[in-house]
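Below: the structure, in structure tokens.
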Amino acid sequence: MIPQEIIRQKRNGGTLSAADIYVFIDALARGELSEGQIGAFAMAVWFRGMTPEETVALTLAMAHSGDTLSWPGLDRPIADKHSTGGVGDNVSLMLAPIAAACGLAVPMISGRGLGHTGGTLDKLESIPGYTITPDAGLFRKVVEQAGCAIIGQTGSLAPADGRLYAVRDVTATVDSVPLITASILSKKLAAGLETLVLDVKIGNGAFMTSKDEAETLARSLVEVANGAGVRTSALITDMNEPLADAAGNVVELRNCLDFLAGRKADTRLETVVMAFAAEMLVQSKLAASLEEGEIAARQALASGRAAEAFGKMVHGLGGPADLLEQPDRYLQKAPVQKAVYAPVDGWLAACDARSTGIAVIDLGGGRRRPQDSIDHRVGFSDLLSLGTKVTAGDPIATVHAADEDAAERAAASLLDSYRISDDAPDLPPVIVTRL
Ligand code: URA
């Protein structure tokens with residue numbers, strides 16, 4: 001069938017055969033479809049959904065749109081984690097080296113910012129020289145030497161996702177269960193993993209805002225991945241405020257360096273990182289229980305082995321050897337940095353995390369069109385977490401902007417997205433449930 005007939009059939013609510021899905025994805029990966037056709041297909045799927053069989057076919061077609069890796073001779077279990085996307089969600093940056101320091105091999109294929117959410121690759125590209133598209137030989141070498149390598153889809157790894165992802169990002173077609181399932185799992189299946197843990201975000205800063213939607217997505221991901229032979233589980237985690245105390249690219253990377261140096265303990269972010277590390281270690285049978293896994297992860301962090309793995313990964317992929325020791329030498333700073341002050345006394349009670357993500361895009365830290373370049377320097381840091389008691393005039397965040405006007409707009413929009421109340425809020429746990 002020709003592409004427009006496949007789009008038409010889905011637009012009209014029909015079920016696509018696996019063969020038609022393969023034809024469409026093959027043409028997409030070869031660059032034979034226009035952005036308009038890809039956007040129309042994504043929108044048809046967004047409105048009409050897909051059956052489980054169509055979702056499996058889409059995932060497999062995308063996973064096989066390029067090379068699939070295997071890891072002969074690697075004497076470590078091959079494991080990974082992926083998030084459905086959030087704001088201030090930089091978990092992968094520290095989790096990969098922690099897991100590596102605990103004995104796993106983590107060949108992580110990540111994505112760029114999507115919709116209002118940040119992207120691991122955009123954060124890593126803040127590091128001068130870091131290549132997110134190494135050839136297969138270098139990818140393998142860094143995984144062998146550092147234990148982890150975080151890279152993007154290359155022309156040869158799940159290339160169909162690279163193209164579809166970029167179009168979804170700017171066509172309001174991200175929050176679709178089959179499209180998210182195929183996007184995440186195509187990259188993961190192409191990487192040749194043995195086990196996978198998924199972080200399915202729920203809340204106003206996630207693509208899935210209700211418990212039902214998040215559980216549906218988690219089930220779709222877990223079922224398709226297990227069906228494809230990758231032992232997979234999912235944790236549903238809260239995304240009703242930025243997870244780190246930063247949102248943006250350089251600022252989240254700096255937050256990760258602080259975390260690896262032990263300066264971000266006792267935070268919601270730490271709870272999530274440790275939960276995922278423990279889950280990965282149990283799944284790969286390197287720990288007998290979640291408690292044991294968490295102890296191993298904490299030791300890897302406290303001993304500096306996780307920081308060392310991160311440093312090796314960065315250097316192996318072309319970044320500076322001393323990034324951890326001298327971040328200021330390499331990471332750019334925004335020309336304007338301004339505190340945002342609490343307008344009244346009270347408790348930080350609620351936040352619209354999606355608006356915070358949009359404010360980062362408005363600052364230039366995300367894309368409006370697939371071809372846009374981004375300003376890695378901008379965003380928010382020093383964000384206070386919900387449940388903090390503030391007095392009028394206390395700083396609740398710092399804006400990093402390219403100029404004064406952008407800083408003013410971002411500060412106003414950040415203040416708009418927070419609610420300060422007279423009473424302490426009742427906040428949900430950060431780990432909501434496990435599937
Ligand atoms: N992460 C991905 O890789 N793809 C999505 O669609 C959402 C989050």
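Reckoned from all heavy atoms, side chains included, excluding hydrogens, waters and symmetry mates. For ligands, and for the atoms within them, numbers begin at 1 and follow the listed sequence.
Every pair passing side-chain hydrogen bond (donor to acceptor under 3.5 Å, both in side chains) that includes a residue from residues 87-110 is listed here, sequence neighbours excluded: Lys81-Ser92, Ser83-Asp89, Asn90-Asn255. Pairs passing the side-chain hydrogen bond (donor to acceptor under 3.5 Å, both in side chains) check and including a residue from residues 129-143, sequence neighbours excluded, do not occur.
Comment: Arg377 engages Asp375 in a salt bridge, judged by a side-chain N to carboxylate O separation of less than 4.0 angstrom.
The contact shell of ligand 1, taken as protein residues with any non-hydrogen atom closer than 4.0 angstrom, comprises His82, Ser83, Thr84, Leu114, Tyr165, Arg168, Ile180, Ser183, Ile184, Lys187.
Between Leu95 and Val273 the shortest heavy-atom distance is CD1-O, 3.6 Å.
Annotation: side-chain contact (heavy atoms from CB on, under 4.5 Å) contacts of Ala42 (sequence neighbours excluded): Leu164, Arg168, Thr173, Leu179.
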Show your reasoning for whether salt bridge (Lys or Arg N to Asp or Glu O under 4.0 Å) applies to Asp372 and Arg367. CA-CA 6 Å; Asp372 285 351; Arg367 297 175 185 78; over 6 Å; no

